[in-house]
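Residue numbers start from 1 in every chain, and the chains themselves are labelled A, B, ... in the order their sequence lines are given, proteins ahead of strands.
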2 protein chains.
Amino acid sequence: MKKIAIDAMGGDHAPQALVEGANQALEKFSDIELILYGDEEQIKPLLKARERVSIVHTKEKIQSDDEPTKAIRKKKEASMVLAAKAVKNGEADAVLSAGNTGALLAAGFFIIGRIKQIDRPGLMSTLPTVDGRGFDMLDLGANAENTAHHLHQYAILGSFYAKHVRGIERPRIGLLNNGTESSKGDPLRKETYELLTNDSAINFVGNVEARDLMSGVADVVVTDGFTGNAVLKSIEGTAMSIMGQLKKSILAGGLKAKIGALLLKDSLKDLKQSLDYSDAGGAVLFGLKAPVVKTHGSSDAKAVFSTIAQIRTMLESDVVGKSVVEFSKEVEEK
Amino acid sequence: MKKIAIDAMGGDHAPQALVEGANQALEKFSDIELILYGDEEQIKPLLKARERVSIVHTKEKIQSDDEPTKAIRKKKEASMVLAAKAVKNGEADAVLSAGNTGALLAAGFFIIGRIKQIDRPGLMSTLPTVDGRGFDMLDLGANAENTAHHLHQYAILGSFYAKHVRGIERPRIGLLNNGTESSKGDPLRKETYELLTNDSAINFVGNVEARDLMSGVADVVVTDGFTGNAVLKSIEGTAMSIMGQLKKSILAGGLKAKIGALLLKDSLKDLKQSLDYSDAGGAVLFGLKAPVVKTHGSSDAKAVFSTIAQIRTMLESDVVGKSVVEFSKEVEEK
């Protein structure tokens, strides 16, 4: 039985979206057990499932604007903190939250802890590509600064995830750079390029440019947390702006445009779906002793369900355990 | 009379797009003179204008895949090199090219030269916002590495451009960062934040996130060349992928979708236009002794015309001359 601790009070639609997602997951998967942390009074009426689920009551919660590290230290009874502690104490195998990202990162670092040989856990998400396969990118901003050694570790972790969780036999690893030629980039990129080229255990396909990410140029893209954060937010911001502009110009286009939009409804829905990557689950803080997964603050029940399914696959494939073994080997070899 | 040297042989549609753009500009503006560098045999038949225009014949040109610095040094008679030399020798006031970006940067640095007090010229473009005002961002990749001091200089240059060329009285300057709080970012961002806060001559509005760029959160956004390049390419790649997906899902949607798209034609055209920022001209390599402007390789006559208009405004407002004065003052004060 895989035990997942859920912070039921984090996110814009908490606890409804979390509890409804939990209901769906419990119905679909018979090999999971969920522990919901939060206000029992609010959670209980929404909870359909009666088996393999429990509520740990707490009134305290971390707000989206709380200062992360401080919140984790001071709000000792917050739903997110209790969920992380359950993993630390062996009462659960993984934690899921839709709450304050910074606080979840802090809870992951300070309560659950990193895998010994991994210096700086990285935040990783599966992002959309036009062919529907998607790509994994890390670090998306767990760190403001990274070394080439960190990026090398991200390549190994990302490769592990793409193989064991996404089922890609020999994942293509790309290094995000300002050109595709091997000589490109700042010292960090040049040093990372060397490390990745010399690691025969990964399938390094060279430098990739941000322009080609959505075309599926690689299965895993590694970068430092500052750049990863900027690229992720650029993709999100551009997609949102374009969809908003499209809506605006349809509304401004009068009756003709509105009928057109009606006839195009299915196509526009397809488009929206191809940009929506919540099916792939949430963002994994990778490099910790257990899966810590952040689903978007605006997640609905479906996105929560997808993230539980993702965590289940991570536990089933034991991708974290295998990473621990892999990184221990590396140390022994040195 | 403002004299502009045009590399007529660079870009995907050379020399047609360049010469046709020149025709349009000469008809519209009576205070400009254009010198076209390239193959006279190809240029002459396309050239309608007879006054205020001349051709400097050369067969040599820089290819899009030429190694930039080497090309500039070896191809001494290339159209781009001759255009840059004309500016250096005082025969022209500015240079325009649609060719190899790296080579144009190299020609700018090595032939025209930087303003004495500016350490690292930056590449700047006006990018689209949903309100149609646009924002200027630099450095978009002239440099792989930048210091806080460079970013401070970009803030001053960008502010000058937004004021004198785009007519924004008190341009809002934003620092691209991984969060809006003043404490955010790596050491480079933190140091830059201090420098910008303490410079009362610019209207610094604080940190901005990549997600909000297209919402018009600032008039000028400064960042290092590596991040700027990644963000620009993310925006371009995302926009292209979405428009491509939209087209694909319309085509796959059968007759109903096609009729819908037909009725929506004007709205879709509006959308495309709001994403198209070629009206704002090309990318300026800012910090050189004269305007050096790169228009997109795929530019058509209209985009070339817009870029000539942009250079005309840069010369009219003497934004480069004013920058020289401003940066000389800074040195005197120290």
Given heavy-atom pairs under 4.5 angstrom as the criterion, report whether the side chain, backbone, both or neither of [X] touches chain B.
| X | answer |
| --- | --- |
| A/Lys269 | neither |
| A/Ser241 | both |
| A/Asn229 | side chain |
| A/Leu246 | both |
| A/Gln245 | both |

Within the structure provided, determine whether [X] and [Y] are in side-chain contact (heavy-atom separation under 4.5 Å).
| X | Y | answer |
| --- | --- | --- |
| B/Ile242 | A/Thr238 | no |
| B/Leu264 | A/Ile250 | yes |
| A/Phe226 | B/Asn177 | yes |
| A/Leu232 | B/Arg211 | no |
| A/Lys248 | B/Ser267 | no |

Which one wins on heavy-atom pair count under 4.5 Å against chain B: [options]?
| options | answer |
| --- | --- |
| A/Glu145, A/Lys184, A/Lys265, A/Arg189 | A/Arg189 |
| A/Ala239, A/Gly141, A/Gly244 | A/Ala239 |
| A/Gly179, A/Gly237, A/Ser234 | A/Ser234 |
| A/Ala252, A/Gly225, A/Ala261 | A/Ala261 |

Nearest 0.5 Å please: distance from the OG1 atom of B/Thr227 over to the CG atom of A/Asp224.
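Separation between the atoms: 7.0 Å.
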
Over all atoms of both residues, closest heavy-atom pair of B/Asp186 and A/Ala144:
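That would be CB-O, 3.6 Å.
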
Quick one: closest heavy-atom pair of B/Val231 and A/Ala230, and the distance?
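Nearest heavy atoms, B/Val231 then A/Ala230: CG2-CB, 3.8 Å.
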
Does a salt bridge link A/Asp212 with B/Lys233, judged by any charged N lying under 4.0 Å from a carboxylate O?
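Looking at B/Lys233 together with A/Asp212, the answer is no, because their closest N to O distance does not fall below 4.0 Å.
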
